[in-house]
Amino acid sequence: MRISVFGLGYVGVVTAACLSRDGHTVIGVDNQQVKVDIVNDGKTPVVEDHVGELISAAVASGKLKATTNALEAVRESEMSLVCVGTPSRKNGSLDTDAVVRVCEEIGAAIAEKNAPHKVVIRSTVLPGTMRGVVIPALREKAGHVEGLRIGNNPEFLREASAVHDYDNPPKIVIGAETPEAAREIAEIYRHIEAPSFLTSVDTAELVKYADNAWHAVKVAFGNEIGNIAKAVGVDSHEVMSIFCSDEKLNISPRYLMPGFAFGGSCLPKDVRALTYKGRDLDLELPLLNSVIRSNEEQIARAFETIMSYGKRKISVFGISFKAGTDDLRESPQVELVEKLLGKGMDIRIYDRFVNFARLYGANRDYILNRIPHISSLLIDDFDAVLAHGDVVIIGNNAPEFEKLPGRVGPHQRIYDLVRLKGIEIAREGYEGVNW
């Protein structure tokens, strides 16, 4: 393919070098003449293993050249990859001025070329940038040219191992306006073996930020555990080596799917104990200290959404913190119900694992001594509870709740805390806690 790469910084140079090595004819574009000259001399403007050799070979073979002329680059290519920088402004917001400027240049060049063209954003941009800024800028400048395909293809390159990462990516993500456009863009990676995801531009935008935020959280988490370990005389690397060996719960997708707050007898108690120990050791642990507050915010978010419906009669299906248990200790569903009761809501609860008449021991004592007002709301009749509410809250993912969407009446709203299996999230009268 004939490809133009706009922006000869770190991402652009690596991308151009690898594409030309793979047999594509590549034109690098940059508004800085010095970078253009460096590439045309067969050298690299960035320090990165193997990139210099790739550029040298590509320029010598005629597969790579550079220019400052956007019109020339678009005219001589079928696809343009935008790899310009998106730095932070002083207030922390993202500066997308360079992306917009380049898209306007590319759009105008496409209009003059008057032929099908693909434009792919590799620059890191926030969700909404493609639909709100990039696509309008391109289509306005390109006019009514047929065959304009626009996509988003975030990069997952680490400095000092970028060529290896390009060839061995953890995943390939391509967002586009249509599945057909996504498939056409994906052709440039046909030779690379990696999980591929063809999705919307909005999803592609956010995946990149989810990745980087998670990487930052992992670094901060490891450091805060390390600070505690050092303070108590424990080898932090031994602790985290054991931690990382657990690929069932720790280094895995477990607990990472968005949903409602965590609860139960372990997580809240142990996070509080660990952060108390940190204070006792005079340690600043901002990440760990924010965990409980973040959890409480998720409960508040659900409460405010339910209150916004303006409905007083509420049915709750599942009040234990997860299905298959009768443990109500620190259940966020209990806290949500208590908040709703405090506002005078008329509530009925069904949870076959939490039948007050059959409870004994610690769980019975907990209800009697801590939440006695909730015991009277527990009804062991699925149909009666369903018939009661104008709002139906799905509190946990007990399999029997999967039949709820097909049984709610047209006047009833569903508020889902767990993303019920098989649910059609676009259905009328349905809302999830964060979907």
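All heavy atoms count here, side chains included; hydrogens, waters and symmetry mates do not.
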To the nearest 0.5 Å, what is the distance between [atom1] ([X]) and [atom2] ([Y])?
{"X": "I393", "Y": "F401", "atom1": "CD1", "atom2": "CZ", "result": "12.0 Å"}
{"X": "H117", "Y": "I110", "atom1": "NE2", "atom2": "CD1", "result": "5.0 Å"}
{"X": "T15", "Y": "L157", "atom1": "OG1", "atom2": "CG", "result": "6.0 Å"}
{"X": "S331", "Y": "N396", "atom1": "OG", "atom2": "CG", "result": "8.5 Å"}
{"X": "E338", "Y": "M345", "atom1": "CD", "atom2": "CE", "result": "15.0 Å"}
{"X": "D235", "Y": "K230", "atom1": "CG", "atom2": "NZ", "result": "12.0 Å"}

Closer than 4.0 angstrom, basic N to acidic O: yes or no for [X] and [Y]?
{"X": "R89", "Y": "D95", "answer": "yes"}
{"X": "K141", "Y": "E105", "answer": "no"}
{"X": "E104", "Y": "R101", "answer": "no"}
{"X": "R254", "Y": "D246", "answer": "no"}
{"X": "D346", "Y": "K311", "answer": "no"}
{"X": "R122", "Y": "E155", "answer": "no"}
{"X": "R149", "Y": "E78", "answer": "no"}

Checklist entry - Which residues pass the side chain to side chain contact (heavy atoms under 4.5 Å, CB included) test with S196, sequence neighbours left out? => result I172

[Y] backbone acceptor or donor facing [X] side chain under 3.5 Å:
{"X": "Q412", "Y": "V391", "value": "no"}
{"X": "S315", "Y": "G389", "value": "yes"}
{"X": "Q333", "Y": "I394", "value": "no"}
{"X": "N153", "Y": "I174", "value": "no"}
{"X": "S308", "Y": "T305", "value": "yes"}
{"X": "K208", "Y": "L126", "value": "no"}
{"X": "T86", "Y": "T124", "value": "yes"}

Checklist entry - Do the ring planes of F221 and F243 sit parallel (below 30°), tilted (30 to 60°) or perpendicular (above 60°)? => result tilted

Next on the checklist: Angle between ring planes, Y309 versus Y415, binned at 30° and 60°: parallel, tilted or perpendicular?
Outcome noted: perpendicular

Residues [X] and [Y]: side-chain donor-acceptor under 3.5 angstrom:
{"X": "T325", "Y": "S320", "result": "no"}
{"X": "D380", "Y": "Y350", "result": "no"}
{"X": "T203", "Y": "S200", "result": "yes"}

Under the side chain to side chain donor-acceptor pair (under 3.5 Å) test, which residues partner [X], sequence neighbours left out?
{"X": "R272", "result": "E330"}
{"X": "S20", "result": "none"}
{"X": "R21", "result": "D167"}

Item to check | Evaluation steps, salt bridge (charged side-chain N to carboxylate O under 4.0 Å, His left out), between R131 and E205 | outcome: CA-CA 11 Å; R131 294 195 190 277; E205 287 169 318; over 6 Å; no

Next on the checklist: Using side chain to side chain contact (heavy atoms under 4.5 Å, CB included), reason through C244 and S241 one step at a time and then give a plain yes or no.
Outcome noted: CA-CA 5 Å; C244 291; S241 291; over 6 Å; no

Checklist entry - Could you walk me through whether E296 and R293 pass the salt bridge (charged side-chain N to carboxylate O under 4.0 Å, His left out) check? => result CA-CA 5 Å; E296 292 169 346; R293 184 164 59 86; over 6 Å; no

Checklist entry - So, is the end of the K403 side chain (NZ or CZ) under 6.0 Å from the ring centre of F382 and within 45° of the ring's axis? => result yes

Indicate the atoms forming the closest heavy-atom contact of [X] with [Y], along with that distance.
{"X": "G12", "Y": "V5", "result": "O-CG1, 3.6 Å"}
{"X": "G263", "Y": "P332", "result": "CA-CD, 3.7 Å"}
{"X": "A111", "Y": "V145", "result": "CA-CG2, 3.9 Å"}

Checklist entry - Do I349 and I379 pass the side chain to side chain contact (heavy atoms under 4.5 Å, CB included) test, and can you show the C-alpha distance, the side-chain angles, and the key distance before you say yes or no? => result CA-CA 6 Å; I349 302 169; I379 298 176; over 6 Å; no

Checklist entry - Under the salt bridge (charged side-chain N to carboxylate O under 4.0 Å, His left out) criterion, do K171 and D211 qualify, and how do the steps go? => result CA-CA 11 Å; K171 56 188 172 292; D211 276 29; 2.6 Å; yes

Next on the checklist: Exactly one of R407, R352, K421 should register a salt bridge (Lys or Arg N to Asp or Glu O under 4.0 Å) with E400. Which one does?
Outcome noted: R352

Checklist entry - Looking at residues at least two apart in the chain, or sitting in another chain, which of them share a ring pair (Phe, Tyr, Trp, His ring centres under 6.0 Å) with F321? => result none

Checklist entry - Please walk me through it: do Y255 and L249 pass side chain to side chain contact (heavy atoms under 4.5 Å, CB included)? => result CA-CA 8 Å; Y255 304 127; L249 300 180; 4.2 Å; yes

Checklist outcome for this item: The complete set of ring pair (Phe, Tyr, Trp, His ring centres under 6.0 Å) pairs with one or both residues in residues 170-217, sequence neighbours excluded, reads none

